[in-house]
Number of protein chains: 2
Amino acid sequence: MDRISLQNLTIEQLFNYNKLMDTKKIEMPDTTLLYDLSDFFKLMGDSTRIQLLWALEENEMCVGDLANLLNMTKSAVSHQLKILRSAKLVKAEKRGKNVFYALSDHHVKTILEMALEHLNEG
Amino acid sequence: MDRISLQNLTIEQLFNYNKLMDTKKIEMPDTTLLYDLSDFFKLMGDSTRIQLLWALEENEMCVGDLANLLNMTKSAVSHQLKILRSAKLVKAEKRGKNVFYALSDHHVKTILEMALEHLNEG
DNA sequence: TTGACAGTTGAATAGTTGTTCAACTATAAT
DNA sequence: ATTATAGTTGAACAACTATTCAACTGTCAA
């Protein structure tokens with residue numbers, strides 16, 4: 001069956017359409033859920049944070065090393081790490097003068113690889 | 001072996017560290033790749049676009065219907081659809097007065113579900 | 001204790017981005 | 001032909017965000 005626009009329907013047509021939708025159980029998920037989803041992707045939607053996650057995927061590292069690796073100031077890196085930390089994607093541990101950061105979530109790698117696969121096939 | 005900070009190393013220690021890194025083949029991927037990755041996530045990092053993708057996952061739909069479903073103006077929806085379209089995530093087909101949009105990529109659903117799973121377990 | 005280094009923080013700035021508004025095109029109906 | 005509807009577009013505005021800068025804390029070494 002061809003899809004139709006709800007905008008052009010008579011009352012009766014709209015009624016039938018609604019019945020159809022009922023039987024197919026088409027429904028939007030909770031709005032807050034979609035907001036959480038987009039918030040999560042927003043975290044990944046920044047090249048600095050992606051690079052940080054990628055680097056920490058391989059190595060536990062401290063702020064200065066990450067700053068060297070990405071050619072950024074320690075301040076900028078620290079700001080972004082704080083965001084990743086408050087989202088519970090990385091965890092920090094202080095040892096002496098250094099603060100070492102590590103991934104706290106194993107899903108991240110999977111999602112990164114998933115997206116890479118998408119990009120490669122596109 | 002405990003991780004160390006490159007910042008505190010002597011030349012000799014740094015040399016040994018580099019040898020270690022060589023054997024472990026730790027390397028950052030091409031920078032442009034990570035930029036593509038974050039660009040992709042940036043697309044998903046907006047609740048309007050996530051809702052559009054979610055809706056189109058179930059239904060091919062036209063602009064007015066999507067606008068009704070999300071309680072937005074047709075203009076706002078059209079702008080966002082244009083972004084999704086230029087990223088080749090949706091495709092458009094004009095039929096009569098309507099323009100019907102549909103997902104053009106099957107990876108999207110998988111990635112959405114992946115992220116949802118992550119959110120549920122967190 | 002003093003100096004040096006690692007990292008954090010808040011304010012300021014510059015760049016980005018989503019929505020609105022108004023004007024426009026194109027299709028269908030009377 | 002005229003009118004109404006569906007959708008697109010560009011400019012303008014407001015909100016958001018990443019980086020920089022300067023000041024600060026805490027730790028180690030001399």
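Within every chain, numbering begins at 1; the chains are lettered A, B, ... in the order of the sequence lines, protein sequences first and strands thereafter.
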Q) Do the side-chain N or O atoms of A/Lys74 get closer than 4.0 angstrom to the phosphate oxygens (OP1, OP2) of C/dA6? A) yes
(Q) Check the phosphate of C/dA6 against A/Tyr101, side-chain N and O only, distance under 4.0 Å to OP1 or OP2. Yes or no? (A) no
Whole angstrom is fine here: how far is it from [atom1] in [X] over to [atom2] in [N]?
X: B/Asn98; N: D/dT8; atom1: CG; atom2: C1'; result: 14 Å
X: A/Asn68; N: C/dG7; atom1: CG; atom2: C1'; result: 14 Å
X: B/Lys82; N: C/dT25; atom1: NZ; atom2: P; result: 16 Å
X: B/Leu84; N: D/dT8; atom1: CG; atom2: P; result: 12 Å

For [X], give me all partners under side-chain contact (heavy atoms from CB on, under 4.5 Å), at least two apart in sequence or on another chain.
X: A/Val108; result: A/Met44, A/Leu53, A/Leu89, A/Asp105, A/Leu112
X: A/Glu113; result: A/Lys109
X: B/Ser78; result: none

**Q.** Heavy-atom protein contacts under 4.0 Å, nucleotides 11-24 of chain D, coded B base, S sugar-phosphate only, - none
**A.** -------SSBB---
Q: For B/Phe41, check ring pair (Phe, Tyr, Trp, His ring centres under 6.0 Å) against everything at least two apart and list the hits.
A: A/Phe41
Q) Can you name the ring pair (Phe, Tyr, Trp, His ring centres under 6.0 Å) partners of A/His79, sequence neighbours left out? A) none
Q. Considering only side-chain heavy atoms of A/Val63, which listed nucleotide, D/dA6, D/dG7, C/dT8, is closest?
A. C/dT8
